[in-house]
Amino acid sequence: DSLKRTGWKPVASIQYVESETRTLDLSEFGVYAPHFDFNDSDAFKMAIKEVREAQNKVASDEGITIADPEATVQEPANIALDRLAARAYRANCDAAIATVTWNTIEQREERLSKTQASVDAMLLSAGRIINPAFATLKLKELRLTHEQGEKLKEEKEVRTELARLKKEEALLTKDATLAEKEEVRLQQAVTKANQAAQKATGEEAFELEARAGELTRELETAHHKAERARDMVQQSNAGYLYVISNVGAFGEGVFKIGISRRPDPDAYIEDLGQESVPFPYPMTPTQRYTQMMLRRCATPSTPRLTINE
């Protein structure tokens, strides 16, 4: 509800259920659907090496070009033409694979298909075509290379996030220590003020009692702050879910959503504005912070998110 009041509208909703799961066809939304399920970039590297070895074996045993089984006329093999066609096809495929990025994978797949069709047309008069087995392996290498690049980026993001979390843990511990010291200091100040008020008389006693009252209220605030800081250190899965905007950096209608474990989310947002964007995040009344707890459930495929408003 708090997000709706800011004018934010979800583009999609995700629901986790215990008993039923549904696999979405990502291609329906124009999103690349992965073809491989390797855990790390090293596994992709090994798979790319294997597929290249398979290409060399096919090229050696069968050839990059073969006789077209559907050709009505079979002419003697033109070795020069075969070599030229194989070299052109392989070079074009390698260039496409070397330059594939997250937003060009579909164009590169289409390029491989068009290259194969063009070379087949060049070989039509000779009754030959690109070996489908070799073409399939080239397409597989393209997809492996693309997904390896995505996995490398993902691993880099994970390392960055782990470093951020480590930094936050250190800040949490520091904040908890400072909060505890402030609580002790105020407790001592309240005790001294009360003792002095008991010994004083008249107007001085009145002023000391008023001062003791102020210190007591400060002590209560410091106590709550220290408790919250200790809880954040002890509960490794507690934090704040934030939804913030930055028109200067992202434009209208774009929101940054994330999690911070800092006891003071305002301080964290201020740090974000100093480190990662050219313009600071505006601290407006529309900013929303929701204390949250992520709990690991029994089934890894059905995570739960509990929000305490």
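These numbers come from a predicted model, not from an experiment. All residue numbers in this chain count up from 1 along the given sequence.
- The heavy-atom pair separating A126 from L81 by the smallest distance is CB-CD2, 4.1 Å.
- In this model, no donor atom of one side chain and acceptor atom of the other lie less than 3.5 Å apart for T115 and S118.
- At a threshold of 4.5 Å between non-hydrogen side-chain atoms, the residues S113 and L139 do not count as touching.
- Residues I129 and M122 fall into different hydrophobic clusters, defined by Ile, Leu, Val, Met, Phe, Trp and Tyr side chains chained together at heavy-atom separations under 4.5 Å.
- By the rule that hydrophobic residues join a cluster once side-chain heavy atoms approach within less than 4.5 Å of another member, I66 and L112 end up as members of separate clusters.
- Contact check on E62 versus K57 returns no salt bridge, with no Lys/Arg side-chain nitrogen under 4.0 Å from an Asp/Glu carboxylate oxygen.
- Taking each heavy atom of V119 and A85 in turn, the nearest pair found is CG1-CB, 3.7 Å.
- Looking at every heavy atom in both residues, L123 comes nearest to I130 through CD1-N, 4.5 Å.
- Side-chain contact annotation: R83 with T65, donor-acceptor N/O pair under 3.5 Å absent.
- Judged by distance alone, the side chains of K138 and Q55 do bring a donor and an acceptor atom under 3.5 Å apart.
- Residues E155 and S41 have side chains that bring a donor and an acceptor to within less than 3.5 angstrom of each other.
- Within 6.0 Å of CG in N103 there are more than 12 heavy atoms belonging to other residues, nucleotides or ligands.
- The minimum heavy-atom distance between E209 and A197, with the atom names listed, is CG-CB, 3.8 Å.
- Contact record, F36 with R143: CE1-CB, 3.7 Å, taken as the closest heavy-atom pair.
- Separating the CD1 atom in I48 from the NZ atom in K140 is a distance of 11.0 Å, to the nearest 0.5 Å.
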